[in-house]
J.: 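Okay, here's the structure, questions in a sec.
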Protein chains: 2
Amino acid sequence: MLAYAELLAFDRMADDATLAPDLRRRAVLSEMAGAEIANHRRVADRIVELGADPERAMAPFRPALDAYHGQTQPSDWLEALTKAYVGDSIADDFAREIARGLGPADHDLVLDVLRESRYAEFAAAEIREALTGDAAATPRLSMWARRLVGEALSQAQRVAAERPAFSELLAAATDGDDGVAAMLKRLTAAHTDRMDAIGLNN
Amino acid sequence: MLAYAELLAFDRMADDATLAPDLRRRAVLSEMAGAEIANHRRVADRIVELGADPERAMAPFRPALDAYHGQTQPSDWLEALTKAYVGDSIADDFAREIARGLGPADHDLVLDVLRESRYAEFAAAEIREALTGDAAATPRLSMWARRLVGEALSQAQRVAAERPAFSELLAAATDGDDGVAAMLKRLTAAHTDRMDAIGLNN
């Protein structure tokens, strides 16, 4: 899931870079996309090391991840940044939750790969700056963020429901007394905090 | 010129990656795009070191480079690879010609950045494989390659004509007895050799 998510993140960020208002921002975002594809390679190499084929391992996650991106195409630079800040953060939290049930080597790899995504911080700083200069942007981006979180949580639920291994990993991480519903609650709470931090309304 | 060319190369290769027939090839091309944006950073850093602003330094080259890519949008994976093999190689040769007139540090940086573009070799291997399996592909890609070289040489000529500094660099590299016309001749000869090497007709 993470291998395909990183491949898609590269693709989407490279695309969003063309929405940047100047060449400096475009280059920054393009470099961040470069970091995502390097992360993809690390995860894909680990998949090969475990004796599996990355293409086949990624296949089951394509429908949910493609659907998420297909349903949430940003139409401008600020929508692209908000999608990064809101959507990528939820996806990262989801991957961290699942990773808690992995062995130490894989757990560390996942956390390390997620730490490399500096896009959310860049996005948050840019959004904060934009909101102070444009009063109409707050309601518009707040509505966009609600659409994003709805779509992200519904696809996360879909992935978790379709893959029994996810529930087992979750159960392993929490001594069995914690299920998908509790995880979705935690994802939502973290999302609410992020919206507050940036001045958007839930 | 090279800074903007690398930024565009990233963008174009990231886009072409979505034409790949499978996730493995898509990831390979995406990683190569990642190498291009790293190259962009190296050249942009050098521009800053020289006391200039990368955005302003790149601006004069946008029309010619944007026009080249706008006129040569590949419609499938093989056209994208042929564009890389034919077009990127001419662009690289052009940059190498100009770089001969630079001081040693900048000359080495340019050569180093161009050496990092492994895309042409990957493209050549893929095209060769495709041509052996599909007889109709040879005339189709030969025609496409002719369109590419025409557009590339016309934009190279435009850049050289618009920027007197280029002619000065060329003159410096060849003790003054060599002009733009001779350079275009060398670019064309190298292109012809590449077409032969891969089995496409001039």
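Computed from a prediction, not measured in an experiment: that's the story for all the values here. In what follows, chains carry the letters A, B, and so on, assigned in the order in which the sequence lines appear, proteins first and then strands, with residues in each chain numbered from 1.
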J.: If I compare all heavy atoms of A:Ser30 with all of B:Ile37, which pair ends up nearest, and what's the gap?
T.: CB-CD1, 3.4 Å
J.: Of all the residues in residues 143-162 of chain A, which have a heavy atom that comes within less than 4.5 Å of a heavy atom in chain B?
T.: none
J.: Side-chain contact, heavy-atom cut-off 4.5 Å: B:Asp15 with A:Asp11?
T.: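 The answer is no, as the side chains (C-beta and beyond) never meet within the 4.5 Å cut-off.
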J.: Measure the spacing between CG of A:Leu23 and CZ of B:Arg56 and express it to the nearest 0.5 Å.
T.: 13.0 Å
J.: Pick whichever of B:Ala27, B:Ala17, B:Ala33 has the most heavy-atom pairs under 4.5 Å with chain A.
T.: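 Most heavy-atom pairs under 4.5 Å with chain A: B:Ala27.
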J.: Taking all heavy atoms of A:Glu55 and all of B:Arg24, pick out the closest pair and write down the distance.
T.: OE1-N, 3.2 Å
J.: Going by residue number, which parts of residues 58-73 of chain A are within reach of chain B, meaning a heavy-atom gap below 4.5 Å?
T.: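 So far as heavy atoms go, A:Met58, A:Arg62 are the residues that approach chain B to under 4.5 Å.
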